[in-house]
Amino acid sequence: RTDYRLQINDIVNIDIRSLNEEANSLFNSGGGRQQMQNMQAGDLIFYLKGYSVDNQGYISLPVIGELNVVGMTIKELRDSLDVRLLEYFQDNSAFSRVQLAGIRYAVVGDVVNPGKYVIYQNQASVFEALSLAGDITLVGDRREIQIIRQYPDGVKLYQLDLTNSEVVNDPRYFIQPNDIINVKPLNVKSWGIGTTGWQSITLGLSAIASALTIIFTLTNLNQ
C-alpha cells in the first residue's frame with residue numbers, strides 16, 4: 001500500500017502537546033482538547049477548525065507559521081513539525097499528532113446510492129467503500145471497477161477486478177482520500193437488453209417471437 005501524499009484543499013488535524021498547558025493553548029487552534037472535540041463533532045466543525053491546505057500548498061499554524069505540506073505523507077509532516085518544535089521546546093518535551101479528516105471519496109455509476117462518503121479509519125478497502133454506497137447493482141460490472149486517483153502531479157486511472165481473489169494483493173485494494181470509484185455497467189445494460197440473465201433471455205425470445213409473428217402475418221396476407 002502506498003502512503004497518501006497531501007494535496008491542495010486537504011484538511012488535516014494537528015495537535016501539538018507538551019507538559020506546559022499554556023503552551024498547548026498557544027500552539028493549537030482552540031487547544032488540543034478542543035481539536036479532539038472538533039473531530040468528534042463532525043465534518044462541518046472539522047472544516048471550520050482544521051488546517052486546510054491552500055492553493056499554494058501551505059497550512060498556517062499558530063506560532064510556527066506557514067508550512068508547505070503538499071506532497072508530504074502524514075509521517076513526513078509529523079516529523080517536520082517535531083523538528084520545528086525543537087526551536088521552542090529544546091528539551092524534546094513537545095510532540096505533534098497529525099491526522100487526516102477521515103478518508104473522503106466518491107462513488108459513481110451502478111451502485112445503489114452513489115455520492116460522497118467519509119470513512120473515519122486510517123485505511124479502508126474498496127469493498128468497504130462500496131458497501132457504504134449500498135453495494136453494486138445487478139447491472140454493475142464487478143470485473144472492471146475504475147479507480148480515479150488524484151496525485152499532487154495529476155490524476156491516474158486504475159482498474160480492479162473484484163471477482164478475482166488476487167485483488168486483495170493489489171496495492172490499489174485500499175482506497176485513498178479523494179478517490180473516485182466508478183462502477184461501469186454490464187454490457188446487457190449498455191445494449192438495453194435487461195437487468196438479469198433470465199430477463200435478457202426472455203426479452204430476446206419475445207423479440208424473436210414478435211418477428212416471427214410479423215413474418216407469418218405478412219406471408220398470409222400475400223397469399
Side-chain angles (χ1 to χ4, degrees), residues 1-16 28-29 32 35-61 66-82 96-109 111-136 144-162 167-184:
R1 180 192 175 202
T2 57
D3 289 330
Y4 177 72
R5 296 191 175 274
L6 292 170
Q7 303 176 41
I8 291 171
N9 294 327
D10 276 343
I11 303 174
V12 292
N13 177 63
I14 298 175
D15 184 17
I16 295 174
N28 293 289
S29 175
Q35 286 277 31
M36 181 58 65
Q37 292 174 351
N38 291 341
M39 284 196 67
Q40 295 172 349
D43 289 348
L44 178 59
I45 297 298
F46 191 91
Y47 172 76
L48 295 174
K49 299 296 184 179
Y51 297 101
S52 180
V53 183
D54 66 21
N55 290 333
Q56 284 71 47
Y58 287 85
I59 58 173
S60 183
L61 300 168
E66 291 190 335
L67 184 66
N68 193 319
V69 300
V70 164
M72 285 186 177
T73 64
I74 294 300
K75 182 180 183 304
E76 289 170 348
L77 173 54
R78 185 173 62 247
D79 291 344
S80 177
L81 283 171
D82 288 344
S96 62
R97 183 177 62 184
V98 182
Q99 291 179 311
L100 281 170
I103 303 174
R104 300 163 186 271
Y105 66 98
V107 184
V108 297
V111 293
V112 176
N113 297 306
K116 293 183 178 180
Y117 295 91
V118 182
I119 297 179
Y120 293 105
Q121 299 174 187
N122 290 326
Q123 71 175 26
S125 71
V126 64
F127 287 107
E128 292 176 282
L130 288 170
S131 68
L132 285 183
D135 204 2
I136 300 171
E144 291 189 20
I145 303 299
Q146 189 176 65
I147 306 293
I148 304 170
R149 182 159 295 171
Q150 300 181 48
Y151 293 94
D153 57 349
V155 177
K156 294 183 180 179
L157 277 70
Y158 304 105
Q159 296 280 356
L160 289 178
D161 181 358
L162 300 188
V167 70
V168 298
N169 298 319
D170 192 300
R172 275 101 40 181
Y173 174 70
F174 292 102
I175 66 169
Q176 291 192 359
N178 303 314
D179 275 358
I180 299 175
I181 304 173
N182 180 28
V183 180
K184 299 179 180 179

- Task: Take atom OH of Y173 as the centre, draw a 6.0 Å sphere, and report whether it contains more than 12 heavy atoms from other residues, nucleotides or ligands.
- Result: yes

Does a side-chain heavy-atom distance below 4.5 Å link [X] with [Y]?
X    : Y    : value
R104 : P177 : no
I14  : N28  : no
I148 : D179 : no
I59  : D54  : no
I74  : R78  : yes
S96  : D82  : yes
V111 : D135 : no
I181 : V108 : no

- Return yes if some donor-acceptor pair links the side-chain N/O of Q121 with the main-chain N/O of Q123 below 3.5 Å, else return no. yes

- Task: Ignoring hydrogens and angles, tell me if any N or O in the side chain of Y105 forms a donor-acceptor pair with the backbone of A129 under 3.5 Å.
- Result: yes

Enter the distance from [X]:[atom1] to [Y]:[atom2] here, rounded to the nearest 0.5 Å.
X    : Y    : atom1 : atom2 : result
I175 : Y117 : CD1   : OH    : 12.0 Å
I103 : Q176 : CD1   : CD    : 9.0 Å
I11  : N9   : CD1   : CG    : 8.5 Å
K184 : Q146 : NZ    : CD    : 5.0 Å
I147 : I145 : CD1   : CD1   : 7.5 Å
R149 : I180 : CZ    : CD1   : 11.5 Å

- Task: Check the pair V118 / L132 against side chain to side chain contact (heavy atoms under 4.5 Å, CB included), numbers first and verdict last.
- Result: CA-CA 9 Å; V118 182; L132 285 183; over 6 Å; no

Of all the heavy-atom pairs spanning [X] and [Y], show the shortest one and how long it is.
X    : Y    : value
V167 : D161 : CB-O, 3.6 Å
I119 : A124 : CD1-CB, 3.7 Å
G71  : R5   : O-NH1, 2.8 Å
Q7   : V53  : O-CB, 3.5 Å
S131 : E128 : OG-O, 2.6 Å
L81  : L61  : CD2-CD1, 3.4 Å

- Task: Taking the six-membered ring of Y151 (Phe, Tyr or Trp), confirm whether the NZ or CZ of K156 is under 6.0 Å from its centre and within 45° of its axis.
- Result: yes

- Take D79 and K75, measure what salt bridge (Lys or Arg N to Asp or Glu O under 4.0 Å) needs, and give me the verdict at the end. CA-CA 6 Å; D79 291 344; K75 182 180 183 304; 2.9 Å; yes

- Message: Once side chain to side chain donor-acceptor pair (under 3.5 Å) is applied, do any residues pair with D10, and if so which ones, sequence neighbours excluded?
- Response: Y4, N178

- Query: Which one of N68, V70, L100 satisfies the side-chain contact (heavy atoms from CB on, under 4.5 Å) criterion with L6?
  - Reply: L100

- Stepwise side chain to side chain contact (heavy atoms under 4.5 Å, CB included) check, L130 with V126: CA-CA 6 Å; L130 288 170; V126 64; 4.2 Å; yes

